[in-house]
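What follows is a single structure, written as structure tokens, with notes after it.
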Amino acid sequence: MDCIFCKIIKGEIPSARVFENDKVYAFRDINPQAPVHVLIVPKTHVPSADAIAARNSDLVAAIFEAIPEIAKSEGLTNGYRIITNCGEDGCQTVKHLHFHLLGGKRLSEEMV
Ligand code: 5GP
Ligand code: ZN
């Protein structure tokens, strides 16, 4: 499968890793939108939030269990934002489920 995030997880494309365990990989976004912009992905390919079901929701739980640890290691003591874009209207560009962790400054109130 020609998935850029699967290639990053396998190490075929380099990335700046910030966290990893058996289910989760997290790395810095190549085009950061905030002082801290980390992408958190399941190591197993899931296309988007729209493909989450009972068979794979353990991966989502693992991601959300990792988030406080990543936020702490990134120094986000004053809060942060988690976003997942889904499908065309959600402007999802990479079709491998990922959560954006954004912080390090006061974020815009305009979007949610
Ligand atoms: P989306 O728009 O699908 O929610 O977010 C995809 C994100 O992946 C974008 O913020 C984009 O900057 C990031 N991205 C795309 N290709 C790469 C890459 O090769 N390496 C890294 N680190 N980030 C990438
Ligand atoms: Zn993938």
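Both counts, for ligands and for their atoms, begin at 1 and track the order of listing. Below, each value reflects all heavy atoms present in this structure, side chains not excepted, and no hydrogens, waters or symmetry copies.
Counting atoms of ligand 1 from 1 in the listed order, those under 4.0 Å from a heavy atom of Q92 are 3 (O). Every atom of ligand 1 is numbered from 1 in the order shown, and the set under 4.0 Å from a heavy atom of F27 is 21 (C), 22 (N). Short contacts between ligand 1 and L39, defined as distances under 4.0 Å to a heavy atom of the residue, involve ligand atoms 8 (O), 13 (C), 23 (N).
Of the protein's non-hydrogen atoms, D29 OD2, 3.4 Å is the one closest to atom 13 (C) of ligand 1. Here the heavy atom of the protein found nearest to atom 15 (C) of ligand 1 is V94 CG2, 4.2 Å. Nearest non-hydrogen protein atom to atom 22 (N) of ligand 1 is R28 O, 2.8 Å.
Neither I83 nor V94 shares a network with the other; the hydrophobic side chains, linked directly or stepwise wherever heavy atoms of I, L, V, M, F, W or Y lie under 4.5 Å apart, form separate groups for each.
A centroid separation of less than 6.0 Å is found between the aromatic rings of F99 and F64.
N56 places none of its side-chain heavy atoms less than 4.5 Å from the side chain of T44. By the 4.5 Å heavy-atom criterion applied to side chains, V46 and L59 are counted as neighbours. Looking only at side-chain heavy atoms (C-beta outward), L97 and I52 come within less than 4.5 Å of each other. Contact annotation: the side chain of P47 never approaches that of H96 to less than 4.5 Å [non-hydrogen atoms, C-beta and beyond].
For H98, the heavy-atom gap to ligand 1 drops under 4.0 angstrom. Residue contact check for ligand 1: C91 places a non-hydrogen atom closer than 4.0 Å to it. Taking 4.0 Å as the cut-off, T84 does not count as a neighbour of ligand 1 on heavy-atom distance.
With a 4.0 Å heavy-atom cut-off, ligand 1 is reached by the side chain of F5 but not by its N, CA, C or O. With a 4.0 Å cut-off on non-hydrogen atoms, A16 does not touch ligand 1 at all. If you look at Q33 next to ligand 1, there are no close heavy atoms at all, none under 4.0 Å.
Residue-and-atom listing of protein N/O/S atoms under 2.8 Å from the Zn ion (ligand 2), sorted by chain and number: C3 SG, C6 SG, H45 ND1, H96 ND1.
Residue pairs meeting the side chain to side chain donor-acceptor pair (under 3.5 Å) criterion with at least one member in residues 8-18, sequence neighbours excluded, are S15-Y25, R17-E20. Listed by first and then second residue, the side chain to side chain donor-acceptor pair (under 3.5 Å) pairs that reach into residues 72-89 are R28-E74, sequence neighbours excluded.
Of the charged side-chain nitrogens involved, at least one lies within less than 4.0 Å of a carboxylate oxygen, so that D58 and K23 count as a salt-bridged pair.
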Mind running side chain to side chain contact (heavy atoms under 4.5 Å, CB included) on F5 and L39 for me, showing each step along the way?
-> CA-CA 10 Å; F5 287 177; L39 298 172; 3.7 Å; yes
Could you go through the side chain to side chain contact (heavy atoms under 4.5 Å, CB included) check for L102 and L107 one step at a time?
-> CA-CA 8 Å; L102 297 154; L107 299 168; 4.2 Å; yes
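H100 meets the ring-ring contact (aromatic ring centres under 6.0 Å, His included) test with H37, H98; sequence neighbours excluded.
With distances taken over non-hydrogen atoms, the option nearest atom 3 (O) of ligand 1 out of T93, I8, I4 is T93.
In terms of polar-atom proximity, defined here as any N/O pair under 3.5 Å, I30 does make such a contact with ligand 1.
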